[in-house]
Amino acid sequence: MIELTADEVSDLQSWRHDFHRHPETAFEEHRTSARVAELLRGWGLEVHTGIGGTGVVAVLKGKLGDGPAIGLRADMDALHVTEINQVDHASTHEGRMHACGHDGHTTMLLGAARQLGANPDFAGKVVFIFQPAEENEGGARVMIEEGLFERFPVQAVYSMHNWPGLPVGVAAVHDGPVMAAFDIFSLTLTGKGCHAAMPHLGKDALLAACQLVTQLPALISREQEVHKPAVLSVTSFNAGDTFNVMPEVVKLRGTVRCFDMEQRARIEQRFRDAIAATASFHGLQADLDYRASYPATINTAEHAAICADVLSSLLGAENVRRDLTPSMASEDFAFMSQACPGVYIWMGNGEGSASLHNPAYDFNDELLPIGVKYWVNLVKALLKDGRLPA
Ligand SMILES: [Zn+2]
Ligand SMILES: [Zn+2]
């Protein structure tokens with residue numbers, strides 16, 4: 001079991017606070033990525049930049065000889081949120097904020113790289129993956145498309161996310177689904193605008209859109225098996241701007257989430273059917289842009305069991321939750337865990353923590369050394385104690 005010195009813990013905090021003060025959003029993580037690469041080079045790791053734009057990959061070979069390679073992944077991007085925290089390390093970038101704790105994720109993986117770089121007491125290779133644009137833009141997918149796993153083949157890949165509501169020192173490991181798949185839709189309904197006093201002269205796109213808002217959720221509640229979780233939310237409705245005109249165009253947007261890929265395809269087909277039928281009934285033109293965004297994040301059970309063992313030795317078995325329901329939020333780590341076996345765990349950010357993406361959120365510094373120890377102990381379990389499944 002590794003221990004960190006007080007100086008090492010204070011370094012973690014100062015790196016994290018520096019990232020927090022300078023949040024950068026999707027594919028613009030230039031300062032962050034330069035700092036990550038600089039630190040990694042300073043510890044003697046082999047560093048590759050420019051993969052997926054601002055992505056950074058560092059490779060560390062173990063001193064115990066050849067062996068398998070594993071990937072450890074952190075995300076670096078911030079969000080378009082205006083921070084309301086009055087702390088020394090508050091964001092100095094107007095309208096941007098590390099409201100999802102990726103500053104902490106990056107820091108914990110850096111801490112692990114430093115510890116392992118100083119004593120690469122394992123056989124094989126660790127590939128440290130610092131990815132851009134986890135929020136909305138799928139930076140993981142872009143890194144993969146740019147050859148991440150061809151250039152740096154790994155047998156398995158691991159990641160973690162801080163989790164508000166769970167106490168610090170408590171972790172959660174799921175055996176299968178952990179984060180939902182995420183689709184988005186934009187619909188433009190075009191009818192025929194007219195005088196509001198003479199609706200028979202027009203085609204009412206607004207009435208049709210209202211029907212869709214109330215009826216589309218029935219594609220989930222009336223058509224999906226109740227024990228296969230799915231959700232459909234219309235999140236944006238734009239139409240009209242005065243009292244006496246029936247608008248010609250109405251725009252709707254929203255999202256669909258579920259875990260099962262066949263179910264996902266069925267919902268999309270039924271969604272398209274429902275739009276076409278409603279448009280036909282009202283005599284409207286419907287332009288639908290329905291996009292698969294992130295797949296579901298599914299942990300490989302055999303690997304999850306090892307992660308849970310490592311966490312049990314670190315935190316005590318009573319602090320490793322194996323019973324939490326998966327989240328309907330999504331994660332682009334799914335692209336990595338589709339490419340090879342993977343495990344994505346949650347680590348408590350504190351019961352009092354503001355929720356993810358909230359303007360009062362802050363990553364909990366107490367989690368930093370815990371995350372570093374998890375990474376280091378996981379590498380030892382997999383590449384020194386030979387627990388990586390064949
Ligand atoms: Zn987020
Ligand atoms: Zn996040």
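Side-chain atoms are counted along with the backbone in the values below, which use heavy atoms only and exclude waters and symmetry mates. Atoms within each ligand, like the ligands themselves, are counted from 1 in listed order. Quick note: residue numbers are just sequence positions, from 1.
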Step through it carefully: locate the ring centre of H102, locate the ring centre of H105, and say whether they are under 6.0 Å apart. yes
I'd like to know if the Zn ion (ligand 2) has an N/O/S atom from H105 within less than 2.8 Å of it, counting both backbone and side-chain atoms. no
The Zn ion (ligand 1) to H102: any N/O/S contact under 2.8 Å? no
The Zn ion (ligand 1) to E135: any N/O/S contact under 2.8 Å? yes
Spell out, as yes or no, whether a donor-acceptor pair under 3.5 Å connects the side chain of N299 to the backbone of H174. yes
Residue from Y294, F149, Y344 passing ring pair (Phe, Tyr, Trp, His ring centres under 6.0 Å) with F335: Y294
Could you check whether atom NZ of K380 has more than 12 heavy atoms from other residues, nucleotides or ligands sitting under 6.0 Å from it? yes
